[in-house]
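Working notes, beginning with the structure itself.
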Amino acid sequence: MPQYLLLSDPELAGTQWSVLLPSNISPFGIYLCRVYAASTIPAEMLEAARIDGAGEWRIFRSVVFPLMVPGMVTVFLLQFLGIRNNFLLPSSCSPTPEPSPSPSG
């Protein structure tokens with residue numbers, strides 16, 4: 001109910017955005033990415049890249065991002081399944097039964 005009230009104020013309650021916006025960012029996904037990054041990316045690797053003359057953007061693009069891909073795919077899959085299986089939010093924010101959420105039939 002609080003999500004419906006938040007989305008009804010900017011008049012998003014009957015649109016597709018009312019289903020997509022609250023589901024995109026979850027605290028669990030942020031926590032999982034943070035823990036995965038802390039355990040996967042060693043500080044020595046970042047230090048070696050800085051010694052080699054790489055800037056922060058180059059370190060992110062060439063070192064951090066390739067190591068973070070499995071964690072980000074995991075978070076994406078968990079978010080996708082959570083959004084797909086969510087029934088309460090779409091049924092409360094949608095004024096009509098069309099389009100109905102996938103778990104409802």
Side-chain angles (χ1 to χ4, degrees):
M1 195 65 175
Q3 288 180 345
Y4 178 79
L5 294 175
L6 285 173
L7 293 170
S8 65
D9 190 32
E11 297 178 1
L12 293 173
T15 65
Q16 295 291 332
W17 291 107
S18 65
V19 178
L20 295 175
L21 285 177
S23 304
N24 281 337
I25 299 175
S26 75
F28 176 71
I30 294 170
Y31 174 73
L32 186 62
C33 283
R34 171 71 177 114
V35 169
Y36 184 78
S39 66
T40 303
I41 303 166
E44 294 84 13
M45 190 178 291
L46 299 176
E47 184 180 342
R50 286 190 184 102
I51 290 172
D52 287 342
E56 295 299 317
W57 175 248
R58 175 75 188 256
I59 292 171
F60 175 75
R61 189 185 58 196
S62 300
V63 177
V64 174
F65 187 73
L67 292 173
M68 286 294 296
V69 168
M72 292 189 308
V73 167
T74 303
V75 170
F76 170 76
L77 289 175
L78 290 173
Q79 284 293 107
F80 177 76
L81 290 175
I83 292 168
R84 184 182 169 276
N85 291 331
N86 191 2
F87 176 74
L88 183 62
L89 182 65
S91 64
S92 64
C93 290
S94 180
T96 62
E98 294 296 328
S100 67
S102 59
S104 67

**Fill in**
side chain to side chain donor-acceptor pair (under 3.5 Å) filter on Arg50, not counting sequence neighbours, yields Glu56
**Request:** Return the minimal non-hydrogen interatomic distance between Pro66 and Pro70, and the atom names on each side.
**Result:** O-CD, 4.1 Å
**Message:** Taking CZ in Arg61 as the centre, count heavy atoms belonging to other residues, nucleotides or ligands within less than 6.0 Å. Is the count above 12?
**Reply:** yes
**Request:** Indicate, with yes or no, if Leu78 and Phe80 share a hydrophobic cluster defined by side-chain heavy-atom contacts under 4.5 Å among Ile, Leu, Val, Met, Phe, Trp and Tyr.
**Result:** no
**Prompt:** What distance separates Leu32 CG from Met72 CE, expressed to the nearest 0.5 Å?
**Reply:** 12.0 Å
**Message:** Quick check: is Val69 connected to Ile41 through a chain of hydrophobic side chains (ILVMFWY, heavy atoms under 4.5 Å apart)?
**Reply:** yes
**Message:** Side chains of Ile30 and Val75, heavy atoms from C-beta outward: is any pair under 4.5 Å?
**Reply:** no
**Distance in Å, Leu67 CG paired with Phe60 CZ, rounded so as to fall on 0.5 Å steps** = 11.0 Å
**Message:** Quick check on the hydrophobic clustering: are Val35 and Met68 connected, directly or via other members, by side-chain heavy-atom contacts under 4.5 Å?
**Reply:** no
**Request:** Measure from the side-chain N and O atoms of Ser62 to the backbone N and O of Ile59, and report whether any donor-acceptor pair falls under 3.5 Å.
**Result:** no
**Prompt:** When rounded to the nearest 0.5 angstrom, what distance separates CZ in Phe28 from OH in Tyr31?
**Reply:** 8.5 Å
